[in-house]
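Presented below is the structure to which this report refers.
The chains referred to below are lettered A, B, ... by the order of the sequence lines, with proteins before strands, and numbering in each begins at 1. Please read all numbers here as calculations on a predicted model, not as lab measurements.
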Amino acid sequence: MSTTALGRRTRRDKRRRNAAAYLFIAPFMLLFATMLLLPLFYAGYLSLFTEQLIGGASFAWFDNYARALTDERFIGGVVRMCLFLVIQVPIMLLLALLFALALDSMRVRGGKFARLAIFVPYAVPGVVATLMWGYLYGDNFGPIAQFMRAIGFGSPDLLGAENILGSIVNIVTWQFVGYNMVIMYSAMRSIPGDQYEAARIDGAGQFRIAWSIKIPAIRSSIVLCTIFSVIGAFQLFSEPKLLYEVAPNAIGSSFSPNLYAYNLAFTNQEVNYSAAVAFLLGIVIMVVSYVFQLSTARREKKGARA
Amino acid sequence: MTVMRRGTVLTFGALAATSAMMLVGCGAPSTSGATGTTVEPVSQADIDKALDTPTTIEFWSWVPDIQNQIDMFEDLHPNITVKLSNQGGATAQYQKLRAATKSGDVPDVVQIEYSFLPSFVLTDSVLDLRPYGVADLSDQFVDSAWTSVAMNDGVWGLPQDLGPTGQLYRTDIFEKAGVEVPDTWDEYAEAAQKIKDETGAYISDLPGNSFSPILALLWQNGARPFQFDGDKTVTIDLESEKVTDVIDYWDNLIQRDLVDTAPQLDDNWYQSVASGKYASWLAAAWGPTFLQGTAADTAGLWQASPMPQWDASAPASGNQGGSAVAVTSDSDAKIVAAEFVKFLTTDQKSTGSLATEQFIFPSLKATLDSSEVRDQELDFYNGQKVNGVFADISETVAADWQWLPYNDFASSSFKETLGAAITEKGDLRAALEEWKTELVEYGESQGFTVVTE
């Protein structure tokens, strides 16, 4: 066997391997292109037009974007989601971290059961969860209201305009705390045991181990959970959409930017403007996640230097 | 390998091309709408030929068990197949119908509420049925139903059902409070006070989650808040005394805590009705059977009567709900579709069974006046002939009411303005003004000429 023949063969092998690789990623690329890129481009194209019920469509450059930037409803929705994020994400991640630490400490009896019980809400479809909470919140016959009345307080108006944001925070937290807990817990499980041994020899207690070993070790998982949660918060849709049925006056058509985009397209029949709003929301999410990532990366660098 | 790869690329290319075409299809404005005033009637020979040709039509409806009526039609015309599909209720169906109209791939026959029909006429989504022999059907339907489908020089569907508003009340609560059923709104306010004092119950609930109830009250008082000339002028009048009198009347009852303002037709409300929190309900004609299902424990305690009146010598009412069956402009089988619509809405057997088995309140006079419907005694109402009460009410509904050609927006905007104020017992007049402003602004942004009076 000559070297050239060998070279040809490896090249052929390589080509064959490449072909196989392309083949394997082809289904993904196909779906990616048809289900994501094409609709994205089409929405971008649509957002450059305006269409009226009387008068038809006309090309409008960036008029829709200019309109959105001064639209109280859109800005209001973004601000509301920022508020939601600032309240909900820390509460949920702190709870998830506490649960994960408790489970990992091995001191909880029935740990497997607890892990499953905390995770189960994530397995409940969001629609079902929201319908269920919608019933629980009912001010007439909802169990919460009945309990509050029974112990002598008035029934709280959990679906009223003032409390609805808190009620949704509760639903989302209940639903996703388990998911985040599982991510953090599994990251903790992969911490090498010798670190614990060393810590114990140095005389560290459980709290010190949690604070100085576990949390720093799962830092990247926490960052990941935070980014997912931030994106999820901005994309809030099904909870307000479903609660709209039981509390239309408190939620309205522009509670979250996503709900607003949906209602613009399907209630107001302003598809073009809706596309522009959706694009702007995408940009907001990208900027916020990027800024967050950048700031954590910088902090990490600083930490490494110190 | 190479062959397969080319195959993949080809598939990819083909798929991409198809989706691109789909998208283009979505974007292209539908131009095939049937407008214009020249009407060429379809001959009986054409109809017979169409009905003898094997054809499948698609029908979107949310009426329970309407397959029964479809079976009757298919028995009469064995070559025709009607494919029924329930899109998940009215709102979901309208959204899907709009998308379908844009793509050109539409169902042939659709159920559309009267309040939404003008918005589909505006976009040329529904077919003018005059060439299909419906123009002479006008006197077969209750007036307010016919004028809901016949407008702007066309007949855009045929009436299927109707919701004239009456009153369902709890005899036991009224007796306990020692009040008679109120005939006028003055008596109603007095009765409300007594019922509250004696029993703790509210006389009724004025909901803010739907505008149908309050609009029916405006309708009754002769207010005509919306007009549309069929071209591009809409008139919005939410400031006339006929409107504000009604708003102020209910504002007063709400402020005195004699009327509840909880959202209607949700779980909470069902529970309230069943538990006697409300002494009455200003219900449409579809209400009586609905109540049987949701408040079964209170059987025998209910009676039906007309709504209280502003002027007892000239009884009036308004409709809540009611829907038409229409043929889409892009249907491939317009003749068959039109025949099916006619069968569904005018055939005695079909409308009769809809009324007596599915409890769809008929808009066809012959069925409404038939003894099977009018004299049907309902145990839940102590054997009262409830349909008869509502049939009489339907004759007192004025037929000149109109809806805005952007009813989706009007409805969702109501919930955030006047509806929200009702629910929160706030300033109704200010909220009414806000609603008007939103309706005017939206109308103008959509290219309408908006006239306010």
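With hydrogens and angles ignored, the 3.5 Å screen pairs no side-chain donor or acceptor of Tyr94(B) with any backbone N or O of Phe266(A). With hydrogens and angles disregarded, no donor-acceptor distance shorter than 3.5 Å links the side chain of Glu416(B) to the backbone of Asn249(A). Side chain of Gln446(B) to main chain of Gln52(A): no donor-acceptor pair is present (N/O by atom type, distance under 3.5 Å, no hydrogens or angles).
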Worksheet item: Would Lys415(B) and Ile251(A) satisfy side-chain contact (heavy atoms from CB on, under 4.5 Å), going step by step from the backbone distance to the final call?
Response: CA-CA 9 Å; Lys415(B) 290 174 198 171; Ile251(A) 289 189; over 6 Å; no
Worksheet item: Do Ile54(A) and Thr449(B) pass the side-chain contact (heavy atoms from CB on, under 4.5 Å) test, and can you show the C-alpha distance, the side-chain angles, and the key distance before you say yes or no?
Response: CA-CA 10 Å; Ile54(A) 304 273; Thr449(B) 308; over 6 Å; no
Discussion item. One pair to check against side-chain contact (heavy atoms from CB on, under 4.5 Å): Ser445(B) and Tyr273(A). What are the steps and the verdict?
Written reply: CA-CA 12 Å; Ser445(B) 79; Tyr273(A) 183 46; over 6 Å; no
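With a threshold of 4.5 angstrom between heavy atoms, Glu270(A) approaches chain B through side-chain atoms but not through N, CA, C or O. No part of Phe49(A) comes within reach of chain B, as not one of its non-hydrogen atoms sits under 4.5 angstrom from that chain.
Evaluation of the side-chain hydrogen bond (donor to acceptor under 3.5 Å, both in side chains) rule for Ser204(B) yields Tyr188(B) as partners, not counting sequence neighbours.
Highest contact tally toward chain B, considering only Gly142(A), Ser253(A), Ala250(A), is held by Ser253(A) [criterion: heavy-atom pairs under 4.5 Å].
A distance of 15.0 Å separates OH of Tyr406(B) from OG1 of Thr267(A), quoted to the nearest 0.5 Å. Distance check, rounded to the nearest 0.5 Å: CG of Leu53(A) to OG of Ser119(B) gives 9.0 Å. Here the CD atom belonging to Glu245(A) is positioned 9.5 Å from the CG atom belonging to Asn209(B), to the nearest 0.5 angstrom.
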